[in-house]
Structures are given as structure tokens and as C-alpha cells.
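Everything below concerns the one structure shown next.
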Amino acid sequence: MTTDLKSKINMDKLPKHIAIIMDGNGRWAKQHGKPRVFGHRNGVKAVRETTEAAAELGVENITLYAFSTENWNRPRFEVNALMSLLVETIRSEVATLNKNNIRLKAIGDLKKLPAKSYKALMEGIENTKNNTRMNLILALNYSAKWEIMEAIKSLADKIENKQLFAADIDEKTFESELSTKGIPDPELMIRTSGENRISNFLLWQIAYAELYFTPILWPEFRKEHLYQAIIDFQNRERRFGMTSEQLVK
Ligand code: FPP
């Protein structure tokens, strides 16, 4: 089934950036009569498969929503487990990332992560910084509203310090203040687990993204699910506000 689906992908029309809201770990664990943390642990396998599939295809960027600013409100035990899992996963996967020429990056209010997680993350980023095949971007302690507010504050600072005129602000200036600076906007955003929401993820950057919602729970997400999402994306007509007739096919 995997190869079948893969062969249906048009390699000339691959999205350059796929963003994923990995949802449903808790429900998957519950279905298995296990604690929520069991779901997160099994979510790592899905992260691995998705990263591998995207790199094999030639997708240049994937961004995974791993921890939102709102996730701090979860039970202390679960937050700690997620942070430990992050450290463990980064440490154990760096060699594989290097072997596959994948660069780790992160977006979010990273300095507020626990010291251990921050350190592991920075080491992972540093150790993979020369890789060029694909960026694996983890959104950690991230929320789009936070990111937009930070960009506004930074622009206001520049105006106050006379480095910038308000009248000169355009989309480019604004985008250069976002944590995704230099990375193309996601063309495809996937959310698993049957929830049809964006949940404060990359709000500016998804202005024209195709949204793909699947009922699959994140720990069950495999290569063929990614292929399916890409095929669906490729079968859509992206008009960017124009009419069908205006589009050069
Ligand atoms: C959402 O499921 C998942 C998360 C908040 C955490 C995602 C983390 C991982 C997949 C593991 C670590 C990842 C990396 C990159 C090291 P949920 O808990 O909201 O599920 P529910 O909606 O069913 O309760």
C-alpha cells in the first residue's frame, strides 16, 4: 500500500513546507487503557516516520507542533514527561538526523523551557546546523499570538529607536520579525485526531495553506498517511484569490 500511494505523488509539485499539529496522543493511550504519557511516547515513532517520509520525498521543511504555550496548563506530571521525552528524543535522534542530512530547528519562546530541555535542544540544533537536505522545525512553547506580539514589540522598538519608519512596514518587514524568518510559508497544514482547529499555530504563515484534517490519532500516523495528505494537497486547485481561468496550469 505504501509504495502504491507514494507512486501517485507528483514529485514536481511537492509542498516545500508541511506543518503538522500532532494531536490525539491522549485519546490513543486511553483506547489502549494506558496513561496519557504512553501516547506521547508512541507519538515519537510517528515523528520519526513522518520525518523520514518527508526527507525521502524531498520536502524541504516540516514543522511539528510539539508543545504550545497553553500546554503548560496540563497536569504537572504530563508536562514533565513531555519535557523529558523531548530531551531523550533529541539526544537519541541526533545521530540519525546527521546521517540523513536533516537540520533541527526550533521556534517558540524557547528560553522559558526547563534548563535541561533547552540545553538538549540547543545541542541538537548546534550539532545538525550544517545539514542541508531538510529542516525539521519543532514548535516548542510556541503560540502564533505570542510570535505576532513579539514581532510587533520588536518593530515598535525599532521605531522608538528611529531605526524604522512606521510607514515603511510591509509584509516583508513583518515577516522578518517572525520566528519562521527565512523559511517559506507552509503550503500544507495537517492536523490529526479529527479536530478541525488551528489552535494558535502559525496563524500568519498559513494565510494560503491548504488544510488537511484526518481522523488518524497521532501515534498511528505513518508514511502512507503523509503520502495521502500530499496527494490530497496536489489534487486541490490553489487559486490565491484568482479565478480558475487565470491559473496557468
Ligand atoms: C497532542 O496530543 C500531543 C502533544 C501535546 C505532544 C506531542 C508530542 C509528541 C508527539 C512527542 C514528542 C515529540 C518530539 C518532537 C520529541 P494530546 O495529548 O493533546 O492528545 P488528546 O487530544 O487525545 O488528549
Side-chain angles (χ1 to χ4, degrees), residues 18-55 59 61-97 100 102-110 112-114 116-125 127-128 134-144 146 189-202 213-223 225-226:
I18 301 176
I20 306 181
I21 303 176
M22 311 180 287
D23 197 10
N25 293 351
R27 276 162 285 166
W28 183 84
K30 198 169 179 190
Q31 281 177 6
H32 290 76
K34 296 274 173 59
R36 298 177 53 81
V37 171
F38 181 74
H40 298 316
R41 292 209 156 267
N42 280 276
V44 174
K45 187 166 164 45
V47 169
R48 215 175 280 129
E49 280 247 344
T50 306
T51 307
E52 202 177 290
V59 174
N61 301 278
I62 61 168
T63 301
L64 304 178
Y65 206 0
F67 195 89
S68 78
T69 49
E70 288 86 15
N71 286 151
W72 295 111
N73 298 324
R74 292 191 172 200
R76 179 114 210 106
F77 171 76
E78 184 174 343
V79 171
N80 289 344
L82 274 166
M83 288 299 147
S84 308
L85 192 56
L86 180 72
V87 176
E88 248 178 68
T89 309
I90 292 174
R91 296 231 162 104
S92 63
E93 299 297 326
V94 162
T96 313
L97 291 176
N100 291 287
I102 297 168
R103 180 174 183 177
L104 182 69
K105 289 187 173 217
I107 56 170
D109 196 356
L110 307 176
K112 297 215 179 100
L113 292 173
K116 239 182 153 175
S117 313
Y118 181 75
K119 187 165 176 278
L121 181 65
M122 289 305 131
E123 284 168 4
I125 290 172
N127 291 333
T128 60
M134 183 178 85
N135 291 319
L136 167 60
I137 305 153
L138 299 183
L140 286 162
N141 195 20
Y142 175 89
S143 90
W146 164 81
M189 180 179 272
I190 300 172
R191 182 174 189 145
T192 58
S193 91
E195 305 288 352
N196 299 348
R197 284 188 298 277
I198 303 301
S199 300
N200 217 344
F201 192 34
L202 301 172
F213 299 104
T214 167
I216 299 288
L217 301 175
W218 180 250
E220 285 174 348
F221 197 84
R222 293 293 175 267
K223 288 185 179 184
H225 299 118
L226 184 74

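First listed ligand is number 1; within each ligand, the first listed atom is number 1. In this text, all values refer to a predicted model and were calculated from it rather than measured experimentally.
Checked against a 3.5 angstrom limit, the closest N/O atoms of Leu86 and ligand 1 fall outside it. For a threshold of 3.5 Å applied to N or O pairs, the pair formed by Asn25 and ligand 1 contains at least one separation below that value. For a threshold of 3.5 Å applied to N or O pairs, the pair formed by Arg27 and ligand 1 contains at least one separation below that value.
Here the shortest heavy-atom distance to atom 19 (O) of ligand 1, taken over Lys45, Arg36, His40, Arg74, belongs to Arg74.
Of the protein's non-hydrogen atoms, the one nearest atom 6 (C) of ligand 1 is Ala66 O, 3.4 Å. In terms of protein heavy-atom proximity, atom 13 (C) of ligand 1 is nearest to Val47 CG2, 4.2 Å. The protein heavy atom nearest to atom 15 (C) of ligand 1 is Leu138 CD2, 3.6 Å. The nearest protein atom to atom 1 (C) of ligand 1, hydrogens excluded, is given as Met22 O, 3.0 Å; this is a heavy-atom distance.
Between Phe77 and Val37 there is a side-chain heavy-atom pair separated by less than 4.5 Å. Looking only at side-chain heavy atoms (C-beta outward), Leu217 and Gln31 come within less than 4.5 Å of each other.
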Would you check, one step at a time, whether the test side chain to side chain donor-acceptor pair (under 3.5 Å) holds for His40 with Glu78? CA-CA 9 Å; His40 298 316; Glu78 184 174 343; 2.8 Å; yes

Criterion side-chain contact (heavy atoms from CB on, under 4.5 Å) on Leu202 and Met189, from CA distance to verdict = CA-CA 10 Å; Leu202 301 172; Met189 180 179 272; 4.3 Å; yes

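For ligand 1, the atoms lying closer than 4.0 Å to a non-hydrogen atom of Asn71 are 5 (C). Close approach of ligand 1 to Thr89 is summarised as follows: ligand atoms under 4.0 Å from at least one heavy atom of the residue are 16 (C). Contact atoms of ligand 1 toward Gly26: 17 (P), 18 (O), 20 (O), 21 (P), 23 (O), 24 (O) (distance under 4.0 Å to a heavy atom of the residue).
Closest heavy-atom contact between Glu195 and Phe213: O-CD2, 3.3 Å.
With a heavy-atom cut-off of 4.0 Å, Trp218 touches ligand 1 through its side chain alone. At a heavy-atom distance under 4.0 Å, no atom of Leu217 approaches ligand 1.
Ligand 1 lies out of reach of Ser193, whose nearest heavy atom is not under 4.0 Å from it. Residue contacts with ligand 1 do not include Leu64, since none of its heavy atoms lies under 4.0 Å from the ligand.
Looking at residues two or more places apart in sequence or on another chain, you find a side-chain contact (heavy atoms from CB on, under 4.5 Å) between Val47 and Met22, Thr51, Leu64, Trp218.
Comment: Arg48 does not engage Glu52 in a salt bridge, judged by the lack of any side-chain N to carboxylate O separation of less than 4.0 angstrom.
Each of Leu104, Ile62, Thr89 was scored for a side chain to side chain contact (heavy atoms under 4.5 Å, CB included) with Leu138, with one residue passing: Leu104.
With 3.5 Å as the limit, one finds a donor-acceptor pair spanning the side chains of Arg191 and Ser199.
Using a distance-only test at 3.5 Å, with no hydrogens or angles considered, no donor-acceptor pair links the side chain of Glu49 to the main chain of Arg222.
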